[in-house]
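These notes are about the structure you will find just below.
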Amino acid sequence: MKRTEIKTLLQSTGYGKEVNVKGWVRTKRGSKHVAFIALNDGSTIKNIQIVAEINPETEKTLDKIHTGAALSVDGLVIESPGSGQKVELQAKNIDILGPANPDEYPLQPKKHSLEFLREKAHLRFRTNTFSAITRVRHAMIFAVHNYFNDHGFYNIHTPIITGSDAEGAGEMYQVTTLDLSNVPKNENGEVDFSKDFFGKATNLTVSGQLEAELAALALSKVYTFGPTFRAENSNTSRHLAEFWMIEPEMAFYDIRDDMDLAEDMLKYLIRYALDNCMDDLEFLSKRLLDEEKNKKAEERSMELVEKLRFVLDQDFERITYTRAIDILRNSKPNKKKKFRFVIEGWGADLQSEHERYLVEKYFKKPVIITDYPKDIKAFYMKQNEDGKTVRAMDVLFPQIGEIIGGSQREDDYDKLYNRIKEMNIPEESMWWYLETRKFGSVPHSGFGLGFERMMLFMTGMGNIRDVIPFPRTPLNCEF
RNA sequence: UCCUCCUUAGCUCAGUUGGUUAGAGCACCUGACUGUUAAUCAGGGUGUCCUAGGUUCAAGUCCUAGAGGAGGAGCCA
C-alpha cells in the first residue's frame, strides 16, 4: 500500500478507508485492552493517533514499541471518539521498521533543555521544536528566492573560496592543501603560498558582496544566498562561525531605495511565514510562553504571532546616526550613566545597549539608522557631501539587534581609490573591484541579511545555535 | 578574548552553617485500569556528585588549576 503523509491524512475525512502511514513514535500509552501511539512523520507538527487493540496476537509487537521507534502502520481511517483529534487510525497491522531501545534512546516525551538537545543534534530533528524550526527555515529559504525572483533579481553563486583578503569583514579561515606538519618556506622564512593549491593564500569567504556588485553592474539586480564564514572568537547567542547570508545588490538604487527594499523584503518574509507556517508558529509561540512563564511580566517577550503581525503593520523608523546620538545623549540611562558606554558625543560607535534602547524603549519598533561616521564603517560605502558620513544603513530589530547591514556603494573611482589607500587595503588585490568604477560606473546599493538572525526573530528562539541544524561555533564542530 | 554564573541518576533538578547509607519527578521494568491525550494509580533500582590537586577527624558542599556549558560584552550578520 502506498504511504499517506500524516499531514494529508489529518485533513482527510475519508472515514473507513484503509491507508498506510510511516513515522516515528512520540509516545505510547494505554490501558489493558487498547494502546495509543502518537506517530509523527515530519510532514506536520501534528501526530496521528494510532489505536491498537491489545490481544495475545498484537501484544508482542506492542511491547517492543517505545518512543523513537519507526513504524509502518496499515489501518482504517476513523473519526476519533477522543477529544484531542478529529481523525485517528485503527491499526490492522503494525510493522516495526526500526526499534529504539528505551534504555539508550535519549529523547523522552518531556521537556528537554535546548542545551541538551544541542549535544544531540543528530536526533533533535525528532522533537517538536526542531521539526517546527526546520519547516519554518525551509519556508523562509523558499520565500527568499520567491521574493527576489518575483522582483526581477538574478541569483548569483559567489565564490566560497576567495583569494582576496580585503573584504573587510573580520577574521577568515585559511584554506590550504599544504602539509601543515611540513610547510614550505621561502628565503625570508615565510610560508611559500606559491606551492599551495591555488598558488596563493586563500580563505573561506566572509561575504559575497564584492563579487555580487560586479554582477549587479551588468544584470542590474542580483542576490546571493550562500554560506559565510567568520573566524571570530565570538561566544554569543547571535553569532555563528558558519552562517547563511542573503546579499542583494542593485544598480541604480540609492540608499533610500535600499531601505525600501530591505523593509519590503522583511515584511514579505513575515507575511509568508504567517500565511504558510501557522501550525508551527503557534507551537513555537506556546513554547516561548512556557519558557518565559517564570519571568516577570515586563521581561517577557511579545507573543510570537502578535509580534510578527505588529512588525508587519509598522513603518520602520528611519533616523540618521546624528539624530540617534542626540536621542541617546539626552536619554535617561545616558544622563544617569546607566549605559556601560556613556555617549559622550558624535563619532562614538553605537553599542548594542544603545541600539536596544532605541528599538525597544524609545521607538518601540524596528529602526533603520543611516549616515554613520565614515571612520566606523567599511571602505566601500558611498561618502556623503559633508565629508564626515557615509550612506550606510543598519536595520535594528528588537532583541536581535542588527539584522541587516547595508549601504549605497562608492561609485566614484577617485574617492574609492583614496579610501582604499587611507585604510591600508592592499590595492593590488582590489584591481578588479576598482575597475568597475572605471567603466560605466553607476550608483548602486545593497545589504546583507543574516539568515539565522531572521530565523531568531521569526521563531522566537533565543539562541542562534538552535535555528541552524548543525551550528559551528568556537570549539564546537561536532556532526 | 573579557566579566558573571553553572556542572549531582538516562533526562530535569533539590541537596541547609562541611557531619550517618546522596534525594524527588520523569524515563525504564512489574502489576492495576474498556478510549488515552507528556494518561493515571501501586511497587521496583538507578550515581566517576565534571577532572586533577589541596585544606580538614570528615568534602557533593571550602580552596587552587583545568575542561565543558550558559548569560552578558566586544567583533558583526
Side-chain angles (χ1 to χ4, degrees), chain A residues 25-38 46-54 63 66-68 78 80-85 88 90 100-120 127-128 167-171 206-209 225 227-247 262 290 339-341 349-356 376-378 394-397 400-406 447-457 462-468 473-476 478:
Chain A
V25 175
R26 287 295 170 75
T27 63
K28 188 183 81 171
R29 54 182 174 265
S31 58
K32 196 172 188 178
H33 302 289
V34 62
F36 301 94
I37 300 165
K46 294 176 179 148
N47 304 323
I48 183 80
Q49 173 156 281
I50 311 292
V51 186
E53 208 180 297
I54 301 173
D63 276 353
H66 296 98
T67 298
I78 60 166
S80 177
S83 57
Q85 59 283 315
E88 64 185 29
Q90 188 89 55
N101 182 346
D103 292 333
E104 294 174 49
Y105 186 64
L107 302 183
Q108 294 161 28
K110 60 167 268 188
K111 198 166 235 21
H112 290 286
S113 70
L114 294 169
E115 292 84 356
F116 171 73
L117 292 172
R118 235 169 264 158
E119 289 166 12
K120 304 271 182 275
T127 64
N128 286 331
E167 289 172 2
E171 297 294 311
V206 291
S207 164
Q209 179 200 319
F225 187 175
T228 309
F229 308 89
R230 305 269 167 97
E232 302 284 357
N233 192 8
S234 297
N235 292 289
T236 82
S237 54
R238 303 183 307 282
H239 289 85
L240 291 165
E242 176 184 296
F243 64 100
W244 292 73
M245 189 155 63
I246 297 148
E247 294 178 288
D290 191 55
F339 283 139
R340 243 171 95 129
F341 298 89
D349 209 348
L350 299 181
Q351 309 295 331
S352 47
E353 58 182 344
H354 306 131
E355 296 177 348
R356 273 212 308 277
I376 59 173
K377 287 291 179 183
D394 284 358
V395 181
L396 310 178
F397 263 35
I400 291 134
E402 187 178 344
I403 195 167
I404 281 180
F447 62 79
L449 166 64
F451 184 63
E452 284 76 17
R453 291 212 177 152
M454 195 208 53
M455 282 295 298
L456 283 177
F457 176 75
N463 193 312
I464 202 160
R465 292 160 196 159
D466 297 329
V467 295
I468 188 168
T473 52
L475 299 173
N476 181 5
E478 194 67 45

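Predicted, not measured: the structure shown is a model, and the values here were computed from it. In what follows, chains carry the letters A, B, and so on, assigned in the order in which the sequence lines appear, proteins first and then strands, with residues in each chain numbered from 1.
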Distance check needed: G74(B) P versus Glu171(A) CD, whole Å only. 18 Å
Can you check whether Gln49(A)'s main-chain N or O pairs, donor with acceptor, with Glu88(A)'s side chain at less than 3.5 Å? no
P atoms of C57(B) and G68(B), separation to the nearest Å: 35 Å
Can you find a heavy atom in the side chain of Asp394(A) that is under 4.5 Å from one in the side chain of Ile404(A)? no
Looking at every non-hydrogen atom in both residues, tell me the closest pair between His354(A) and Asp349(A) and how far apart they are. ND1-O, 4.3 Å
Please report the distance, rounded to the nearest Å, between CD in Glu247(A) and C1' in A77(B). 9 Å
Could you measure between the two P atoms, the one in A65(B) and the one in C3(B), and give it in whole Å? 12 Å
Once you apply a heavy-atom cut-off of 4.0 Å, does Phe243(A) come out as touching a base, just sugar-phosphate, or nothing? base
For Met245(A) and Arg230(A) the tightest heavy-atom approach is CE-NH2, 3.8 Å
Considering only the C1' atoms, how many Å lie between U8(B) and G60(B), rounded to the nearest integer? 7 Å
Please list, chain by chain and in numerical order, all residues satisfying ring pair (Phe, Tyr, Trp, His ring centres under 6.0 Å) with Tyr105(A), sequence neighbours excluded. none
Please list, pair by pair, any protein nitrogen or oxygen found under 3.5 Å from a nitrogen or oxygen in nucleotides 31-37 of chain B.
from: C33(B); atom 1: OP2; to: Lys32(A); atom 2: NZ; distance (Å): 3.1
from: C33(B); atom 1: N4; to: Lys32(A); atom 2: N; distance (Å): 3.4
from: G35(B); atom 1: OP1; to: Ser31(A); atom 2: OG; distance (Å): 2.4
from: G35(B); atom 1: N1; to: Glu88(A); atom 2: OE2; distance (Å): 2.8
from: G35(B); atom 1: N2; to: Glu88(A); atom 2: OE1; distance (Å): 2.6
from: G35(B); atom 1: N2; to: Glu88(A); atom 2: OE2; distance (Å): 2.8
from: U36(B); atom 1: O2'; to: Arg29(A); atom 2: NE; distance (Å): 3.4
from: U36(B); atom 1: O2; to: Arg29(A); atom 2: NE; distance (Å): 2.6
from: U36(B); atom 1: O2; to: Arg29(A); atom 2: NH2; distance (Å): 3.3
from: U36(B); atom 1: O2; to: Gln49(A); atom 2: OE1; distance (Å): 3.4
from: U36(B); atom 1: N3; to: Gln49(A); atom 2: OE1; distance (Å): 2.9
from: U36(B); atom 1: N3; to: Gln49(A); atom 2: NE2; distance (Å): 2.9
from: U36(B); atom 1: O4; to: Gln49(A); atom 2: NE2; distance (Å): 2.5
from: U36(B); atom 1: O4; to: Gln85(A); atom 2: NE2; distance (Å): 3.3
from: U37(B); atom 1: O4'; to: Arg29(A); atom 2: NE; distance (Å): 3.3
from: U37(B); atom 1: O2; to: Gln85(A); atom 2: OE1; distance (Å): 3.1
from: U37(B); atom 1: N3; to: Gln85(A); atom 2: OE1; distance (Å): 3.3
from: U37(B); atom 1: N3; to: Gln85(A); atom 2: NE2; distance (Å): 3.3
from: U37(B); atom 1: O4; to: Ser83(A); atom 2: N; distance (Å): 2.8
from: U37(B); atom 1: O4; to: Gln85(A); atom 2: NE2; distance (Å): 3.4

Write down the distance separating the P atoms in A32(B) and G47(B), rounded off to the nearest Å. 29 Å
For Gly462(A) against Ser237(A), the heavy-atom pair lying closest together: O-CB, 3.5 Å
Quick one: does Thr67(A)'s side chain get under 4.5 Å of Lys28(A)'s, heavy atoms only? no
Side chain to side chain contact (heavy atoms under 4.5 Å, CB included) filter on Gln90(A), not counting sequence neighbours, yields Val51(A), Leu76(A), Ile78(A)
Partners of Glu452(A) by salt bridge (charged side-chain N to carboxylate O under 4.0 Å, His left out), sequence neighbours excluded? Arg137(A)
Ignoring backbone atoms, establish whether His354(A) has a side-chain N or O less than 4.0 Å from OP1 or OP2 of G74(B). no
Could you give the CD1-to-P distance, from Ile37(A) to A39(B), as a whole number of Å? 12 Å
Base, sugar-phosphate alone, or nothing: which one does Ser234(A) contact when heavy atoms must sit under 4.0 Å apart? base
Please identify each residue that fulfils ring pair (Phe, Tyr, Trp, His ring centres under 6.0 Å) with Phe457(A), with sequence neighbours left out. Phe397(A)
Are there runs of at least three consecutive Watson-Crick or G-U pairs touching RNA chain B, with each pair's two distances under 3.5 angstrom? Give them by first number. B:1-7 with B:67-73, B:10-13 with B:23-26, B:28-32 with B:40-44, B:50-54 with B:62-66
Between A27(B) and C41(B), how many Å separate the two P atoms, rounded to a whole number? 10 Å
Any side-chain N or O of Gln351(A) less than 4.0 Å from the OP1 or OP2 oxygen of G74(B)? yes
Sugar-phosphate only, base, or nothing, as touched by Ile404(A) at under 4.0 Å among non-hydrogen atoms: sugar-phosphate
Roughly how many Å apart are G74(B) and U61(B), using the P atom of each and rounding to a whole number? 36 Å
How close or far is atom P of A73(B) from atom CG of Leu350(A), stated in whole angstroms? 14 Å
If the C1' atom of C28(B) is compared with that of U21(B), how far apart are they to the nearest Å? 25 Å
Have Thr236(A) and Arg238(A) got a donor and an acceptor in their side chains that come within less than 3.5 Å? no
Measure all distances between protein nitrogen or oxygen atoms and nitrogen or oxygen atoms of nucleotides 23-26 of chain B, and list the pairs falling under 3.5 Å.
from: G25(B); atom 1: N2; to: Lys110(A); atom 2: NZ; distance (Å): 3.1

Atom CD1 of Ile400(A) and atom C1' of C76(B) are separated, to the nearest Å, by 14 Å
Please measure how far the C1' atom in C5(B) lies from the corresponding atom in G18(B), and state the result in whole Å. 23 Å
Just jot down the salt bridge (charged side-chain N to carboxylate O under 4.0 Å, His left out) partners of Lys46(A), sequence neighbours excluded, or say none. Asp279(A)
Interatomic distance where CD belongs to Glu452(A) and C1' belongs to C76(B) [whole Å]: 14 Å
Who are the salt bridge (charged side-chain N to carboxylate O under 4.0 Å, His left out) partners of Arg118(A), not counting sequence neighbours? Asp466(A)
If you look at every strand shown and take non-hydrogen atoms under 4.0 Å, does Ile246(A) touch a base, only sugar-phosphate, or nothing? nothing
What N/O pairs connect the protein and nucleotides 67-72 of chain B at under 3.5 Å? Give each pair on its own line.
from: A70(B); atom 1: OP1; to: Arg118(A); atom 2: NH1; distance (Å): 2.5
from: A70(B); atom 1: OP1; to: Arg465(A); atom 2: NH1; distance (Å): 3.0
from: A70(B); atom 1: OP2; to: Arg465(A); atom 2: NH1; distance (Å): 3.1
from: G71(B); atom 1: OP1; to: Asn463(A); atom 2: ND2; distance (Å): 3.1
from: G71(B); atom 1: OP2; to: Asn463(A); atom 2: ND2; distance (Å): 3.2
from: G72(B); atom 1: OP2; to: Ser237(A); atom 2: OG; distance (Å): 3.2

May I have the step-by-step check of side-chain contact (heavy atoms from CB on, under 4.5 Å) for Leu117(A) and Thr127(A), ending in yes or no? CA-CA 9 Å; Leu117(A) 292 172; Thr127(A) 64; 4.0 Å; yes
By side chain to side chain donor-acceptor pair (under 3.5 Å), which residues pair with Asn463(A), not counting sequence neighbours? none
With sequence neighbours excluded, tell me which residues meet ring pair (Phe, Tyr, Trp, His ring centres under 6.0 Å) with Phe116(A). His112(A)
Between Tyr105(A) and Pro102(A), which has a closest nucleotide on RNA chain B that is more 5'? Tyr105(A)
From CG of Leu117(A) across to P of G10(B) the rounded distance in Å is 17 Å
Answer with yes or no whether His112(A) presents, from its side chain, a donor or acceptor under 3.5 Å of a partner atom in the base of C11(B). no
